[in-house]
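Naming convention: chains lettered A, B, ... in sequence-line order (proteins, then strands); numbering from 1 in each chain.
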Number of protein chains: 2
Amino acid sequence: MSKQPKNTLRDSVYTSLKAMIVTGQIPPGSRVTESDIAAKLNVSRTPVREAFNRLERDGLVTGRPRQGYVVTEFDINMFREAFAIRELLDGHATELAAAAATDKDKARLRAMLAECERLAAIPDRTTKEKFQELEVGIDLHRVIAEISGNAMLHGMLCGILDKCQHYVWTELLWLDEWKIARDEHAEIVEAICAGDAARAGALARAHVRGSRENVLRLLQAKSDYQSFLAKAS
Amino acid sequence: MSKQPKNTLRDSVYTSLKAMIVTGQIPPGSRVTESDIAAKLNVSRTPVREAFNRLERDGLVTGRPRQGYVVTEFDINMFREAFAIRELLDGHATELAAAAATDKDKARLRAMLAECERLAAIPDRTTKEKFQELEVGIDLHRVIAEISGNAMLHGMLCGILDKCQHYVWTELLWLDEWKIARDEHAEIVEAICAGDAARAGALARAHVRGSRENVLRLLQAKSDYQSFLAKAS
DNA sequence: ACACTGAAAATTGTATACAAAATCGCATGC
DNA sequence: GCATGCGATTTTGTATACAATTTTCAGTGT
């Protein structure tokens, strides 16, 4: 497809599939067959199978023995679970990052903030640009986890953030009220740059809690809207 | 081989391989080839490949593009990383478990404690029995995570515990000083049964920190012993 | 003795062929 | 009309064949 050719087909397929799933091109609940994907990407089933294995391990698809794969449908319960863990891991990672960040790291974080700002300032944004802002905002957390120096923590947090991104993108981004908490991100970066671990950690935890509440509120609104539609018809 | 026949060969191979790795039958740092394992288990390379994929995702083996797989060697740094995360996740899981445990759950935990006690009381234990005690002690944490009701937390903690088990088993269990902190486990279970979430969480966090210090002390002793051997020869 | 070349061996990456199992549809019997 | 059973189709699970690449090691030249 129009993807950068990776070293191995397996990685290429994995990346493509993951992008398609996270962005909702393949909506949650869809049944996906190895043959279809293989045909669509012009490869054999083998690399597709291995990609599916990894995606299943990531929790983005669920596969039952001889029954094929289905793009995971996240319910509100999984969302709560993910955010409870994020609060722990993100908080700790941010504390560590504040203690470990080099000047180069700090510059990198500031550049991401600026990029986020730039994307937010575009008038009449397309869906793609909205997604880019969301992605940069989440990437900020990934980079903070990387800076923390704890590779295992970084890996686990990336996995959770993928799921959160998937959930927000497929369920909520259509809402106009959606908005990245840019000020909170800026405060966190500021605390990291100041080397204030305690403050950075507290801000990060509060930010995760705030995001959770924000999303839950939007989910409620969506649910209300849908039941309104149902009653009206 | 002498494993219970699972539904799919892939799962069977995964289970067998994981057991062989975690118990050190295949020592860390060994090169493992698909063909060897396939021959040893009398299956084709395909299920072995998929098992390797999952094990790589688990972090138990590391594989480079066309270079084969190597059983991951955990260094002391990874160990510290794992325990930092365990402190967060185990603490939270134990808090949740204290709030959520049913009578059946409590009975299950008490039964595991009793089993641990029984294994510890065996005189002149074999290596296998030592490993069983370790396994039950770690399983206790897995079950607590399960009881917490947060499936994602449970899954992540299981992954980390596998690595810790692997590390302890391959690096430290030969030491006679090794000893499961049975009293601490008992205290944690007690707090869970009493429904005291704050106390249970605090105990769990302290227990993880204590385990970490214990292991680090043993590693130091091992290192001292090895340098003593080197100087003597 | 050492470095470099190049072919052979070993090993993974990919494709494909075949087997087993599940699902779907249809017909048949009650 | 509905349930049930049987067969055809679809889809995954496994094995194997082939391609690509890396490593190894022997041989040669300096």
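- Checked against side-chain hydrogen bond (donor to acceptor under 3.5 Å, both in side chains), B:Arg142 has the following partners two or more places apart in sequence or in another chain: B:Asp139, B:Asp162, B:Gln165.
- Take A:Arg108 and apply the side chain to side chain contact (heavy atoms under 4.5 Å, CB included) test, not counting sequence neighbours, and it matches A:Val143, A:Glu146.
- Every residue two or more places apart in sequence or in another chain that forms a side-chain hydrogen bond (donor to acceptor under 3.5 Å, both in side chains) with A:Asp105 is listed here: A:Thr102.
- Residues forming a side chain to side chain contact (heavy atoms under 4.5 Å, CB included) with B:Lys163 (at least two apart in sequence, or on another chain): A:Met152, B:Leu60, B:Phe74.
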B/S/- along nucleotides 6-17 of chain D (protein heavy atoms under 4.0 Å) is -----SBBBBBB
Identify each donor-acceptor pair in which a side-chain atom of residues 84-92 of chain A lies under 3.5 Å from a protein atom, sequence neighbours left out, and give them as a table.
| unit_1 | atom_1 | unit_2 | atom_2 | d |
| --- | --- | --- | --- | --- |
| A:Arg86 | NE | A:Asp90 | OD2 | 3.3 |
| A:Arg86 | NH2 | A:Asp90 | OD2 | 3.1 |
| A:Glu87 | OE2 | A:Arg209 | NH1 | 2.6 |
| A:Asp90 | OD1 | A:His141 | ND1 | 3.4 |
| A:Asp90 | OD2 | A:His141 | ND1 | 3.4 |

